[in-house]
Each structure stands twice: as structure tokens, then as C-alpha cells.
Number of protein chains: 4
Amino acid sequence: MVRMSADEKRRVILDAAVRVFAERGFNAARVSDIADEAGVAYGLMYHYFRSKDEVLDTLFLDRWNVLLQAISEVDAGDLDPRDKLYAITGFIVDSYRHDPDLMKVIIVEVTRAANSFGRKHLDKIREAFDLIADIVEAGQQSGRFRDHVTPRFAAMAFYGAIEQVLTGWIFDVLPQGDMEFEQAKTFVVETICGGLEAPTTSPI
Amino acid sequence: MVRMSADEKRRVILDAAVRVFAERGFNAARVSDIADEAGVAYGLMYHYFRSKDEVLDTLFLDRWNVLLQAISEVDAGDLDPRDKLYAITGFIVDSYRHDPDLMKVIIVEVTRAANSFGRKHLDKIREAFDLIADIVEAGQQSGRFRDHVTPRFAAMAFYGAIEQVLTGWIFDVLPQGDMEFEQAKTFVVETICGGLEAPTTSPI
Amino acid sequence: MVRMSADEKRRVILDAAVRVFAERGFNAARVSDIADEAGVAYGLMYHYFRSKDEVLDTLFLDRWNVLLQAISEVDAGDLDPRDKLYAITGFIVDSYRHDPDLMKVIIVEVTRAANSFGRKHLDKIREAFDLIADIVEAGQQSGRFRDHVTPRFAAMAFYGAIEQVLTGWIFDVLPQGDMEFEQAKTFVVETICGGLEAPTTSPI
Amino acid sequence: MVRMSADEKRRVILDAAVRVFAERGFNAARVSDIADEAGVAYGLMYHYFRSKDEVLDTLFLDRWNVLLQAISEVDAGDLDPRDKLYAITGFIVDSYRHDPDLMKVIIVEVTRAANSFGRKHLDKIREAFDLIADIVEAGQQSGRFRDHVTPRFAAMAFYGAIEQVLTGWIFDVLPQGDMEFEQAKTFVVETICGGLEAPTTSPI
DNA sequence: GATGAATGAGATTTCATTCAT
DNA sequence: TATGAATGAAATCTCATTCAT
């Protein structure tokens, strides 16, 4: 057995928790499942985490902060609003591609769990909406986006579309693969920015 | 106490369950909470339902079948595809307006609960996506919709946008009220069909 | 539906209870099972019996009193002790042949249930042993039986042998059929009275 | 409190279960009774056993395998058939003398419980009958035993006699004590092998 | 008598958390 | 750190019995 630093052991437990939560869901997952999956002793989890909740909190916050950071950076850049939304979509899709279990856990067990962790982390989740809304608002002010919907509303629709696509993958309702992932980025942005409708050819 | 038929008593229990599930979430809700809320004895719930699960299954299926019926009818009509999507959005939003607790339970505890009831009812949920995808596909074939995204994909984005808006209301992240509900219908369809972007003025 | 007298209805319930108790055992049998099997309303059982226990008590006592009566009559007769034991064995075996379910219930749920109904009806059960012991004792006094074992002890061995044979049928460990039933009567008495051993031929 | 190995703790729980099952019967015994009797926490029982059933299964199988082993050894020896039966009787009686509660539980809750554990362990129980039947059969072939009854039948009668004697002690219908135990061994074998009857003096 | 809805005590089982070593 | 035995508070579900009609 290779010796591990405390941080590495912590990491091993978190990674095991991701797999277990993804497989069984947070509620059905037992602490012993995580310990077994991590190959550590039952009680050891409690040296690194105060509770089972804290494990999920940690998983969520670590990843969500990265997401917020990414969105902030996109926000600060000077791309077109459509390209900013594309960059955000790309980041989220690539997050899923890179670690689907982790994204599944975060979405299913936190951002969509309105009665438990979702409510607990609501402010954190809302930060993302706010940043996206800022992008939309800036787009409207620059004239690139129409102002027929409120920025906050548009942000929800945009984020909802992405999350549902990820849910489609998680549920195996949508096909997955490198091509599909790339397509999804374009599709989401095309749908939300360009709209489904064909431009009406003006008469004359 | 007014005499009740068996169906009415069943209804009383279902209604109480909606309130309890909405308030505490399915997992945290105890059967005794439901019985208390309904004002009936503990065991009576098991006279009408085989298990706590069956209560949620019943709530979901009853409502979801109504939704499927509504979408089917819209589908069968001869409205413009945009108007069909508007009608569906309207139906869902009005469902929420009419009984927010029930819609909260259905969305939070079933359609978004990928590891428990969501998986169990996946086929039923997918039916809705399929019907919506049919509308998109018909729109594409008639030339009203562009075919830059697959119908299935568009259906997911559209449904995700609606669900996220409802989630916004559930989370109290978006303002609620009659005006907001009506606006939401327009906004969702505007966003998905018309797109966020301003039409680029073609040079000359 | 044919009208029934109260006694007939009572009988219907008792008969149904026999089948249910035989099939599932007293503990696993639900009152509703009995009502269903009898084709009567759930609560009706409580018009005829004070409790589920009382149903089994009734089944046992009715039958056991018949058995005690039969043994008493045999006892009072002037047969050989071996023939008396044969008559008793015959009565019990024929009871099983006539209504195996009832005998199964009485043996399995009462006479062998030392921690529940067996203890409750111990005195009644003991009466049978006493009567049998009387026969053995009389046999010993008349010189027909050796007095190498106490009458009480012999009675237990005799009754135990019969009950185990019935258990063999109940468990399907011994073959059943008219021939087997008749054989069993002889076998039990042969074994207990004659013994398994061949008589040692005295030298000279 | 003295430290205990896992096996010792397991033993403590099993021993407590024996006392509780003997006292109240398996059905009436609550898991909490066992825990209290063992002086351990409620949940610990579930650390060592999967269920309440498994506790009884364990008690039965452990002891019954010892019995089967003992019978097998007797079987393999070259004693007279009568002496073999005596040895088996002796083993069972001594088992009762050594741990009456355990034997009570095994007999009352398993071997005589045709609708629950008896059926479950029927094959195991039957093994004992088969081994005994083998002894009888060998006795018949050697001419020591008459062949007026089938070996299987004789085995049932023999075992039934023993079990009923034990039941007599359990029910307190037969007197107990070292002398009675020794007597019982002789009595059972005398009764089954020698028979109750006095040899008929052949008329010149 | 007849019905079956209503009651609620109780039992098993689970499992997060603690803790002694 | 590391271990896994020990704890005990729930929670679900069952079902005998009662009772209003």
C-alpha cells in the first residue's frame, strides 16, 4: 500500500463518494459504501469530514466555485455575448465530459434538489444565474440581444436548457459522444440565441 | 365531521401528501406527517396506498397523464408550431399557478430526481419529450423552424427552460404573480423560438 | 346466496380458519385471510369470536374434547391394553385422514406450540396423556405390560410416536394413502407394544 | 467490562437469544429483549446477524450439525442396533441436560414448527431421520430387529418418542433430574426396542 | 347481523455518528 | 491516523381490534 498524505486520502474518499453518490444517489448511499469504495476504514471518513452531508457540500462547493470562476472570467472578457454563452456552455459540457459522475451528483443531488442541498446552497447557485444574467444584460445594452425578456429570466432559460441536456445524458435519453458534446454546445447557443424559428422573409 | 366517500378520503390523503412533500421533500416527509396533515390515523394511509412510494407515484402519474393528454391535444391541433409550444408552456405554467405545491413535488421529487422516482418514471417522462419533439419536427418540415438542431434536442432545451423557470419560482429566485406567469409564457416561447439575439440587419 | 343460520355461519368461518391456519400457520395468518377464505366481511369474525386466538381455541377444544371422549370410551371398554392403544391410534389416524388440515393445525399450532397455545391448553392436553397412562398402568397391573417403564413415560412415548408420524405426513416426509394410514396404526402399536427387536430365542 | 473478541460477543448475543426464545418463544420475543438480555445496544445484533431469523437459524444449525455428527459417528460404530439407538437417545437427552433452553428452542421453534422454521430446515431435519432409519435397516438386515415396520417409520416413532419426552420436561409434565434423565434413556430404548408387552409364555 | 373503514400500538430494520483502542 | 464495534434514534409497515352505519 502506497503511503498517502492527508490530502491524498481526503481526495480518495471524495472520489469514492462521487462514484457512490452517482450510482445510488445521496440518500441511498451509505457511509459504509463510500468507505468500501474508497478502500478505507469505516470510521476514517469522520476524520476528514464532519458528516456525510459535508462530503457532498465539499464536492459541490469545490466544483461550483470553479464554475463560478470560469463564468466570471468569461464575463470579464470582451467576447460577443453569444460567444460568452458559448464559452459557458462549453465549460459545463466539458465538465460533464471530463467527469460525468461528479456533474451528475452536483446537478441531481444539489442544484435540482430544492428541498435539501439545493436550498442550502441556493445563494451559491444563484451567483451563477446572476453572472449569466449580467452577460445577457450587457448584451441587451450593447444592442446585440433584444430586451424582450428580462436578463434574469433569460439566464434561467439558458441554464435550464443546459441542465436538461446534461440530464438527458445522465438519463441516457440523449446520445453521448465527443461529437454530441460538441454539437450540444452549438445547439444550446443556437437555440437560445438564434431561436428555433426561421427568419421571416420580409415581404417585397 | 362530514361523511366522505372512499374516493374523497383518498383525495384528502393525497392532498395532504402534496403539502407535506412540498414542504419537507419526499425523503424527509414521514408517513405520520401525512397522516397528521390529513387528520387521519396513521394506518389509514396504508388502507388506501400500499406504501409511501405509491402515494408519490399516484400524484405524479395522475398529473403527468393530464399533461400528456394536454400536449397530445395541442399536438393534434393545427396551430403554428410556435403557438403549440406556447400552449404547452401555458398549460404547464397554469398548472403551477393552480397548484404550485403539486407541481413542485412532481418536478423536484420526480422529474428531476434522476436516482429515484425520475428513473422509475423515465418512460412516462420521456413521452412528453417525444411529443414535444414531434411538434418541433413538424415545424421543421413545414419550414417554420430551422433544422439546425435535432427535434429531440430542441425538446430538451425547451422543456428544460420551462422547468428551470418553475424552479426559479419554487426557489423564490424569480418573482411570482399573475403578470409574471403570463410573461413567463411569452418569454419562454420568445426565447426558444425567437432567440435572444436581435436580427442582424442584412446589409442593403 | 343461501341464507344461513348463525351456527352455520360460525361453522363457515371455523372451516375457513382451518384452511388458512393449515396453509400459513396461525401467526402468519391474517384475520382478513380468514374472512376472505370464508367469503364473509372482515368484521364479521368479531361477531362470532372475541379474537383470533379464540378461533384457534375453539378449533382445538372442539376437536380435543372429541378425542378425549374417544379415549375415555376406549379406556372404559374391556379390550386388551394393546387393542386399546390400537383403537386410540386408529382414532387419531382416522382424524387425520378425515380432516388433515384440522389435525395439522391442532398439532402444529397447539399441542407442539409450547410457548403459546400449547402452554395455554396444557391441562387439556395432559388429560389425554393421563388417560393413556391409565391404560398402560392397567396393562401393567394385569400383567400384559411389563412394568419396566412408568405409565406416564410410556404414554408420552406412545403419543410422541403417533404425533411424529402425523408430522411426517404433514411435512410430506412419510408417504400418505389409505394403505399407509392403516399400516401406520399397526406399525405404531407393533413398535410400541411389541418392540423393534426380535425375540431372543431362549437356548434349549 | 471485560474485553471480548468478536466471536465472544456473538456468543453472548446467541446465548441471550436462547434464553429469550426459550422464555417467550421466537414470535413473541422482540429483538430488543435479546439486546437487553445480552446487555448490548439494540443495533449491535444487526452487526452480527442479518435478521432475527438468522439468529434462530444459527442456533439451530450449529446444534443440529453437532447432532448429525454424533449420530453419524454412532452409525459408523459397530455397536448393536439397540446400543446405537441408546447412544443417540443419550446424546439428545444429555444435550437437553446440558442446555435445556437451547434444546427447547430447537425443538419448539424449529423441528416442531411445521409452518415456519421447520419447513425451512426440513432437509436438515430429515437427515437425522435418514441416519436413524439406516440404523434400523441395518438392524433388520442383521436379524436383530424384526422387519415388521419400515425403517423410515421406525425412525419417526423413535425420534417422536424422544422428542415427546423432552417436551414433557419442557412442559413440566414429566419430572426432571439426573436420575430421570438416565432413566429416560433406558426407558425410550426399552419401549421402542423391547416393546411394552410382556413376552407371551408359549404354551408348552 | 353485516360491512369494511378507521385506529394506533408495536415490531423489525437501517444507518449516521461516536468512541475506545 | 486508523479501525470497526457499538449506539440508539428514527422510519416504515403490519394487522388485530374497534366502531359507526
Side-chain angles (χ1 to χ4, degrees), chain A residues 1 3-6 9-10 27-36 39-55, chain B residues 1 3-6 8-10 13 27-35 38-55, chain C residues 1 3-6 9-10 27-36 39-55, chain D residues 1 3-6 8-10 13 27-35 38-55:
Chain A
M1 174 68 80
R3 295 304 303 277
M4 279 185 204
S5 70
K9 211 35 134 11
R10 206 179 135 89
N27 271 292
R30 277 160 297 183
V31 171
S32 65
D33 292 332
I34 300 173
D36 289 351
V40 302
Y42 193 95
L44 192 60
M45 215 207 68
Y46 286 88
H47 270 276
Y48 291 98
F49 302 94
R50 250 191 303 276
S51 68
K52 186 182 156 193
D53 278 24
E54 206 193 55
V55 175
Chain B
M1 176 67 79
R3 293 308 313 285
M4 279 186 204
S5 71
E8 285 166 337
K9 201 39 112 37
R10 209 181 132 90
I13 293 172
N27 270 290
R30 279 162 295 172
V31 172
S32 65
D33 293 332
I34 301 173
V40 302
Y42 193 99
L44 192 59
M45 215 211 68
Y46 288 91
H47 190 73
Y48 289 101
F49 302 95
R50 254 190 299 277
S51 66
K52 187 182 154 192
D53 277 25
E54 204 192 57
V55 175
Chain C
M1 176 65 82
R3 294 303 306 276
M4 278 186 203
S5 71
K9 212 32 137 8
R10 207 180 135 88
N27 271 292
R30 276 160 295 182
V31 172
S32 66
D33 293 332
I34 301 173
D36 289 351
V40 303
Y42 192 94
L44 192 60
M45 216 207 66
Y46 286 88
H47 270 276
Y48 291 99
F49 303 94
R50 250 191 302 277
S51 67
K52 187 182 155 190
D53 278 24
E54 206 193 54
V55 175
Chain D
M1 178 65 82
R3 291 310 312 285
M4 279 184 202
S5 71
E8 285 166 337
K9 203 37 114 37
R10 208 180 134 90
I13 293 172
N27 270 289
R30 280 161 296 173
V31 172
S32 65
D33 293 332
I34 301 173
V40 302
Y42 197 99
L44 192 59
M45 217 211 67
Y46 288 90
H47 190 74
Y48 289 100
F49 303 94
R50 255 191 298 277
S51 67
K52 188 182 153 190
D53 278 25
E54 204 191 58
V55 174

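These numbers come from the heavy atoms of this one structure, side chains and all, not from hydrogens, waters or symmetry mates. Being a predicted model, the structure only gives us computed values, none of them experimental. Convention: sequence-line order gives letters A, B, ...; per-chain numbering from 1.
One interatomic measurement links the two molecules: CZ of B/F49 to P of E/dA6, which rounds to 12 Å at whole-angstrom precision. Atom-to-atom, CG of A/D36 to P of F/dT3 comes out at 12 Å; the value is rounded to the nearest Å. Going from atom CG of D/D33 over to atom P of E/dT13 covers 14 Å, rounded to whole Å.
Residues that satisfy the side chain to side chain contact (heavy atoms under 4.5 Å, CB included) test with C/N27, not counting sequence neighbours, are D/N27.
Taking for each of D/V40 and A/L44 the nucleotide of DNA chain F with the nearest heavy atom, the 5'-most of the two is the partner of A/L44.
Nearest heavy atoms, C/A35 versus C/A41: CB-O, 4.0 Å. In terms of heavy atoms, D/I34 sits closest to D/I13 at CG2-O, 4.0 Å. Here the closest heavy-atom approach between residue C/A28 and residue C/D33 is recorded as O-OD2, 4.2 Å.
Minimum atom distance to the side chain of C/Y48 is reached by E/dG1, of the listed E/dA6, E/dG1, F/dT7.
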- Item | Under 4.0 Å protein heavy-atom contacts per nucleotide of nucleotides 16-21 of chain F, with B for base, S for backbone only and - for none | BBB--S
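Neither OP1 nor OP2 of E/dA5 sits under 4.0 Å from any side-chain N or O of B/K9.
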Please tabulate, for side-chain N and O atoms in residues 43-51 of chain A, each donor-acceptor pair with protein atoms closer than 3.5 Å (sequence neighbours left out).
residue	atom	partner	partner atom	Å
A/R50	NH2	A/E54	OE2	3.0
A/S51	OG	A/D53	N	3.4
A/S51	OG	A/E54	N	3.2

- Dot-bracket for DNA chain F, 5' to 3', Watson-Crick and G-U pairs with both distances under 3.5 Å, [ ] for crossing pairs, | for partner on another strand, reads .||||||||||||||||||||
